[in-house]
Amino acid sequence: MPYVNPIPNGVYLDNNATMPLLPSVREALVHALESPFDLANPSSIHKPGQRAKERLYQAKKALSEYLGTQDAEQWIFISGATEGINTILKSFEGSAAVAYSNVDHSAVFESVAKMKWQQSFELKVKSSGQFCENSLSEFEAALEAYFDTSDQEDKKCLLNWQLVNNETGLMFRLEILETLIKKFNTPKKQRLFVLVDAAQALGKVDESYIRKAMHLADYMVFSAHKIGGPMGIGALWMREGIPFSPLVQGGSQEKRRRAGTHNTLGIAGFLAAIQDWKKNGETYRTHMHELKKRALMQLSRIEGFSLHGDQKAQSLSNTFNFHFAGCRDESLLLALDLEGFYLSSGSACNSGSLKPSRVLLNMGISEEDALSSLRFCIGPQNTEEEIDLFCERLEHRVKHIRESRSKWDSVLPEMKPDAKDVTP
């Protein structure tokens, strides 16, 4: 008899790809859809338009208060973190050097590769998932040499800094970033500009940590759907008086920093998500952390379990990446999906490919193990029952796949032709 999941809608464990809508967000969206003028164009001068404009400002103010920024107008509503990253990269392309890590999100990694730079620097990580000391030293020396030229007045570098890795959940030490900024910038002269990818950090990390990062950043990007908000809406924060060129042009919206009619429905949902996390964030993070510990305790008992990266260092409350020796990810993923357990093998932006994760390979994990890896991402909606059920079925599937492979391997030698029988 095929397995029947006792949880009607299955168990969703891919919250870093997209977190299901929070109930409060769903209510806000329904309210906006049912109100005749709540979705008016904020650029219109009539009363509904001006009410929409005021709500837009209130959403920026909520973000500003939540993360401790000085001015609500430092925020720009965009479609999501990928757009924000591309906007800032394009603002520096051709006129600056660029620095990034080999485990950055593809929005950075792929975009940088397709653009022209005066020079590029790639920071490397070690097996722990943290930056390699030698790579950091080499970067500092190379950047110092880049700045030390006769036309150094015009030299600048954009450093892309991922606050939390989307595949491993590992957080990068802000002390390293702070040291780099102090070394290359002075109160009178800024040469190193910092773009922080905070897409996976919002909500899942205490806001005090994000505030600390903001004191070091020049630009920071977010996506609402990573915290139970709607897709297609995000935010870009940036300091005043720094390099910026609009990616989307054509209208006067966002003080001509991002043209196009505002996504008022998405903004309403984003606002509701921010308000929810501001009120319940600590409770959500504690809940997710307890479920993460529960899952790790059960999975670590299964033979061949390997955790990727140093989870004893700072990491997200809801995420870890792992593999079981001898179990390719597509086998496990397919079996689990058919049984109603939904998770991924890596970044959702690279799904549909059987290639091993670039992030894991760059951490020194073998291709075979990278192909056998799964990303486990809990959300506030998950329960102990779901975690226990998932771990139970995963153990069953791992044993089944290993037994099937063992039987196949025992038959396979008999099917191989003898070398002397092969006609050249």
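From a predicted model like this one, the values you see are computed outputs, not experimental measurements.
In summary, of the residues considered (R285, K278, K279), a salt bridge (charged side-chain N to carboxylate O under 4.0 Å, His left out) with E207 occurs for R285 alone. The one candidate from R239, K156, R191 that meets the salt bridge (charged side-chain N to carboxylate O under 4.0 Å, His left out) condition with D218 is R239.
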Apply side-chain contact (heavy atoms from CB on, under 4.5 Å) to residues L247 and R258 and explain how you reach the verdict.
CA-CA 7 Å; L247 181 67; R258 203 275 190 180; over 6 Å; no
side-chain contact (heavy atoms from CB on, under 4.5 Å) evaluation trace for S43 with T261
CA-CA 8 Å; S43 298; T261 303; over 6 Å; no
I'd like to know whether W237 forms a ring-ring contact (aromatic ring centres under 6.0 Å, His included) with Y219, so could you lay out the CA-CA distance, the side-chain angles of the two residues, the decisive distance to 0.1 Å, and finally the verdict.
CA-CA 6 Å; W237 171 86; Y219 314 88; 8.3 Å; no
Applying side-chain contact (heavy atoms from CB on, under 4.5 Å), run through I227 and I274 and close with a yes or a no.
CA-CA 8 Å; I227 58 168; I274 290 297; 4.1 Å; yes
Apply side-chain hydrogen bond (donor to acceptor under 3.5 Å, both in side chains) to the pair E167 and N16, showing each step before the final yes or no.
CA-CA 8 Å; E167 293 193 30; N16 283 10; over 6 Å; no
Would L389 and I7 count as a side-chain contact (heavy atoms from CB on, under 4.5 Å) here? Give the steps.
CA-CA 9 Å; L389 189 61; I7 299 176; 4.0 Å; yes
For E54 and Q50, run side-chain hydrogen bond (donor to acceptor under 3.5 Å, both in side chains): C-alpha distance rounded to whole Å, both residues' side-chain angles, the deciding distance at 0.1 Å, then the answer.
CA-CA 6 Å; E54 176 60 24; Q50 292 307 297; over 6 Å; no
Apply the test salt bridge (Lys or Arg N to Asp or Glu O under 4.0 Å) to residues D148 and K155: give CA-CA distance (whole Å), side-chain angles for both, the deciding distance (0.1 Å), then the verdict.
CA-CA 9 Å; D148 188 21; K155 295 289 185 180; over 6 Å; no
side-chain hydrogen bond (donor to acceptor under 3.5 Å, both in side chains) for Q118 and Y146? Distances and angles first, verdict last.
CA-CA 9 Å; Q118 291 185 359; Y146 168 74; 2.6 Å; yes
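Using modelled atom types, one finds a donor on one side chain and an acceptor on the other under 3.5 Å when comparing D276 with S24. Side-chain atoms of S315 and K292 form a donor-acceptor pair, as typed in the model, at a separation below 3.5 Å. N15 and Q381 share a side-chain donor-acceptor pair at under 3.5 Å. Judged purely by distance below 3.5 Å, without hydrogens or angles, the side chains of D369 and S306 never pair a donor atom with an acceptor atom. Inspection of the N165 and Q162 side chains reveals an N or O donor paired with an N or O acceptor under 3.5 Å. A donor and an acceptor atom, one from each side chain of K204 and Q200, are located under 3.5 Å apart. Side-chain contact annotation: Q74 with Q70, donor-acceptor N/O pair under 3.5 Å absent. Under 3.5 Å, the side chains of D310 and Q130 contain no donor-acceptor pair of N or O atoms.
The two atoms that bring S91 and S245 nearest to each other are OG-N, 2.8 Å, heavy atoms only. Contact between A213 and L163 at its shortest, heavy atoms only, is CB-CD1, 3.7 Å. Residues A28 and A272 approach most closely at CB-CB, 3.6 Å, considering heavy atoms. Among all heavy-atom pairs drawn from I233 and I267, the shortest one is CD1-CG1, 3.7 Å. Between T168 and Q311, the shortest heavy-atom contact is O-NE2, 3.3 Å. The two atoms that bring V164 and A201 nearest to each other are CG2-CB, 3.9 Å, heavy atoms only.
A salt bridge links R375 with D14; the closest basic N to acidic carboxylate O contact falls under 4.0 Å. A salt bridge is absent between R51 and D38; no separation between the charged side-chain nitrogens and carboxylate oxygens falls under 4.0 Å. E303 has no carboxylate O lying under 4.0 Å from a charged side-chain N of K399, or vice versa, which leaves the two without a salt bridge. Here K183 pairs with E140 in a salt bridge; the nearest charged N to carboxylate O distance falls below 4.0 Å. Salt bridge R397/E339: present, at least one basic N to carboxylate O contact under 4.0 Å. Salt-bridge check for K124 with E138: failed, with every basic side-chain N at 4.0 Å or more from each acidic carboxylate O. The pair K60-E254 meets the salt-bridge criterion, since a charged nitrogen lies less than 4.0 angstrom from a carboxylate oxygen.
With hydrogens and angles ignored, the 3.5 Å screen pairs no side-chain donor or acceptor of S223 with any backbone N or O of H225. The closest donor-acceptor contact from the side chain of N160 to the backbone of D104 lies at 3.5 Å or more, if one exists at all. A donor-acceptor pair under 3.5 Å is absent between the side-chain atoms of E110 and the main chain of V112, judged by distance alone. Using a distance-only test at 3.5 Å, with no hydrogens or angles considered, no donor-acceptor pair links the side chain of N280 to the main chain of E282. Panel note: side chain Q190, backbone N185; no donor-acceptor pair is recorded below 3.5 Å. Between the side chain of N318 and the main chain of M288, no donor-acceptor pair closer than 3.5 Å is present. Remark: side-chain polar atoms of S95 are paired, donor with acceptor, to backbone N or O of F92 under 3.5 angstrom. E83 places a side-chain N or O within 3.5 Å of a backbone atom of S79 that can act as its donor or acceptor partner. Within the 3.5 Å criterion, the main-chain N or O of T264 finds no donor-acceptor partner in the side chain of H262.
A cation-pi arrangement, defined by a distance under 6.0 Å to the six-membered ring centre and an angle within 45 degrees of its axis, is absent between R393 and F341.
In this structure, CZ on F121 lies 5.0 Å from CG on L143, to the nearest 0.5 angstrom.
Atom NZ of K126 has more than 12 heavy atoms from other residues, nucleotides or ligands within 6.0 Å. Heavy atoms of other residues, nucleotides or ligands lying less than 6.0 angstrom from CD of Q58 number more than 12. When the shell of 6.0 Å around NE2 of H396 is examined, it contains more than 12 heavy atoms from other residues, nucleotides or ligands.
Using a 30° and 60° split on the angle between ring planes, F322 and F376 fall in the perpendicular class, above 60°. Note on ring orientation: taking the six-membered ring where Trp is involved, the planes of F131 and W161 are tilted (angle from 30° to 60°). The aromatic rings of H308 and H323 sit parallel to each other, their planes meeting at less than 30°, with 60° as the upper class boundary. In this pair, F184 and F147 present their aromatic rings tilted. The plane angle is within the 30 to 60° band.
Taking the ring centroids of W75 and Y57, they lie at or beyond the 6.0 Å cut-off. In summary, the aromatic rings of Y342 and Y12 are positioned with their centroids too far apart to meet the 6.0 Å limit.
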